[in-house]
2 protein chains.
Amino acid sequence: MDLDKTDRKILRELLINARISITELGRKVGLSKTPVALRIKQMEEAGLITGYRAILSPIQLGLSHVTFMQIRLGDTRQQALLQFNAAVREIEEVEECYMIAGGFDYLLKVRSRDMADFRRVMAEQISALPHVSATSSFVAMEAVVEEGAIPL
Amino acid sequence: MDLDKTDRKILRELLINARISITELGRKVGLSKTPVALRIKQMEEAGLITGYRAILSPIQLGLSHVTFMQIRLGDTRQQALLQFNAAVREIEEVEECYMIAGGFDYLLKVRSRDMADFRRVMAEQISALPHVSATSSFVAMEAVVEEGAIPL
DNA sequence: CCTGAAAAATTATTCGC
DNA sequence: GCGAATAATTTTTCAGG
């Protein structure tokens, strides 16, 4: 699906405020309600807009502790990777997980209440993942950019 | 602010669909509209809910290439860190940036169209950041978990 | 702290142009 | 893509448990 300038404007507004009304959105992008509603529906149906989510404050939730973990697997055959992927998706503290080309196999971003909570997650959840042979952890001291803008 | 079970239920629903109506939300959590609307407003005012955003598909946007970069600074005095932080926030391709305790100074997640686009971002933007002394990049081969659930 | 309900305002949807 | 009419929702308010 290709996007014109108006589509991009609409997306930018929906990234700022997903609950904006069609009326106000139309006003902001310089169109009437009808085409705005149509464009949004088309972008939803094209799978470009996959949903709308509330954004919560990690600090207010007491979940400001972020740790990145490098994980190396002892077995990197397809079957082992699939088992690892499936298992890691079950850990709710794992906010992100990428398979990496290079020196290690996976990079995980783990969110927890504090260091003690992270140690619990690591001991109870991460260590139990299949085929893990080594891990190293890097604790975030400061979040400089948490949710960067999307380059539209 | 402390959350009871109902608040958590509301948050879970708003994480799934931020555009759900108060009526339906009330039905899902087993309350009438009035207290649901009140609780949402309170959570917004407490800064717990910071906003509502559309979720876009990186693949449909042609932005599925993810690279993590370790960055070491030559100068790690407070002034230099502040300059780096301010500059990195201006790069829209930087989706996340954390200051790290340990072997390197910053970890960046960079989103781009493809490898060629990443090289452009690195050459034009990342290299221009102040006080950078060394970088190493790790290309993601597969996104196993992109937006994990929040442990409420 | 919740329910239920009514009125007023706003929004979404539909359709002819 | 516009603009108007129709239909659906939301917000606000209030009496009562």
Side-chain angles (χ1 to χ4, degrees), chain A residues 1-64 92 113 147 149-152, chain B residues 1-63 92 147 149-152:
Chain A
M1 182 180 191
D2 36 62
L3 305 169
D4 64 14
K5 281 193 175 180
T6 305
D7 290 322
R8 274 182 260 272
K9 270 191 189 175
I10 290 171
L11 289 178
R12 266 191 286 269
E13 292 301 328
L14 288 175
L15 286 172
I16 295 168
N17 176 18
R19 297 190 110 184
I20 190 174
S21 71
I22 302 289
T23 310
E24 173 132 2
L25 200 41
R27 199 181 55 69
K28 290 216 180 196
V29 305
L31 282 179
S32 69
K33 305 191 281 194
T34 316
V36 173
L38 180 67
R39 281 163 184 267
I40 290 174
K41 178 174 271 187
Q42 284 171 344
M43 291 193 282
E44 287 171 349
E45 283 168 358
L48 205 135
I49 299 174
T50 59
Y52 304 90
R53 294 201 353 179
I55 305 302
L56 309 186
S57 160
I59 293 169
Q60 293 294 323
L61 282 171
L63 287 169
S64 54
E92 60 178 359
R113 307 206 145 273
E147 301 230 38
I150 294 175
L152 287 175
Chain B
M1 184 180 190
D2 35 64
L3 305 169
D4 63 14
K5 282 193 174 182
T6 304
D7 290 322
R8 273 182 259 272
K9 270 190 189 175
I10 291 172
L11 289 179
R12 266 190 286 269
E13 291 301 329
L14 288 174
L15 286 172
I16 294 169
N17 176 18
R19 298 192 109 183
I20 191 174
S21 73
I22 302 289
T23 309
E24 173 134 4
L25 200 41
R27 199 181 56 71
K28 290 214 179 196
V29 305
L31 282 177
S32 68
K33 304 189 284 195
T34 317
V36 174
L38 181 67
R39 282 163 184 265
I40 291 175
K41 180 175 271 186
Q42 284 171 344
M43 291 193 282
E44 286 172 349
E45 283 169 357
L48 205 136
I49 299 172
T50 57
Y52 304 90
R53 292 197 1 176
I55 306 302
L56 309 186
S57 159
I59 293 169
Q60 292 294 323
L61 282 171
L63 287 170
E92 60 177 0
E147 299 233 39
I150 294 174
L152 286 175

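Just so it is clear, the structure is predicted and the values come from calculations on it, not from any experiment. Side chains included, hydrogens not; waters and symmetry mates left out as well; all remaining heavy atoms used. Every chain is numbered from 1 and lettered A, B, ... according to where its sequence line falls, protein lines coming before strand lines.
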query = Is the phosphate of C:dC2, meaning OP1 or OP2, less than 4.0 Å from a side-chain N or O of B:Arg39?
reply = yes
message = I'd like to know if A:Lys41 and A:Glu44 make a salt bridge, using a cut-off of under 4.0 Å between side-chain N and carboxylate O.
response = no
Separation of D:dT10 C1' from A:Ile22 CD1 (nearest whole Å) = 15 Å
query = Any side-chain heavy-atom pair from B:Leu63 and B:Leu56 closer than 4.5 angstrom?
reply = no
query = Between A:Ser21 and C:dT11, is there a side-chain N or O to OP1/OP2 distance below 4.0 Å?
reply = yes
note = When rounded to whole Å, the CZ to C1' distance for the pair B:Arg19 and D:dT10 reads 14 Å
inquiry  = If I take atom CE from residue B:Met43 and atom OG from residue A:Ser57, how far apart are they, to the nearest 0.5 angstrom?
reply    = 13.0 Å
remark   = To the nearest angstrom, the CD-C1' distance between A:Glu44 and C:dT13 comes to 14 Å
task = Send over the distance from B:Asn17 CG to D:dT9 P, rounded to a whole Å.
result = 14 Å
message = Go through it in stages, so that I can follow the logic: the residues are A:Gln42 and A:Asp7, the test is side-chain contact (heavy atoms from CB on, under 4.5 Å), and I'd like the CA-CA distance, side-chain angles, deciding distance and then a yes or no.
response = CA-CA 10 Å; A:Gln42 284 171 344; A:Asp7 290 322; over 6 Å; no
message = Categorize B:Leu38 for me: base, sugar-phosphate, or nothing, with a 4.0 angstrom heavy-atom threshold over every strand shown.
response = nothing
inquiry  = If I take atom CG in residue B:Leu31 and atom C1' in nucleotide C:dA5, what distance separates them, rounded to the nearest angstrom?
reply    = 17 Å
task = Report the nucleotide, chosen from C:dT3, D:dT10, D:dC2, that has the shortest atom-to-atom distance to any side-chain atom of B:Lys33.
result = D:dT10
inquiry  = What is the separation between atom CD1 on A:Ile20 and atom C1' on C:dA12, rounded to the nearest whole Å?
reply    = 15 Å
task = Calculate the interatomic distance between A:Glu24 atom CD and C:dA12 atom P; express it in whole Å.
result = 11 Å
message = I'd like to know if the side chain of A:Arg8 and the backbone of A:Leu3 have a donor-acceptor N/O pair within less than 3.5 Å.
response = yes
inquiry  = I want to verify a distance call: between D:dT11, D:dG1, C:dC2, whose nearest atom is closest to the B:Pro35 side chain?
reply    = C:dC2
inquiry  = Counting only side-chain heavy atoms from C-beta out, which of D:dT12, D:dC2, C:dT13 sits nearest to B:Lys41?
reply    = D:dT12
Atom-to-atom span, CG of B:Leu25 to C1' of D:dT9 - whole angstrom = 14 Å
query = Is the phosphate of D:dT10, meaning OP1 or OP2, less than 4.0 Å from a side-chain N or O of B:Thr23?
reply = yes
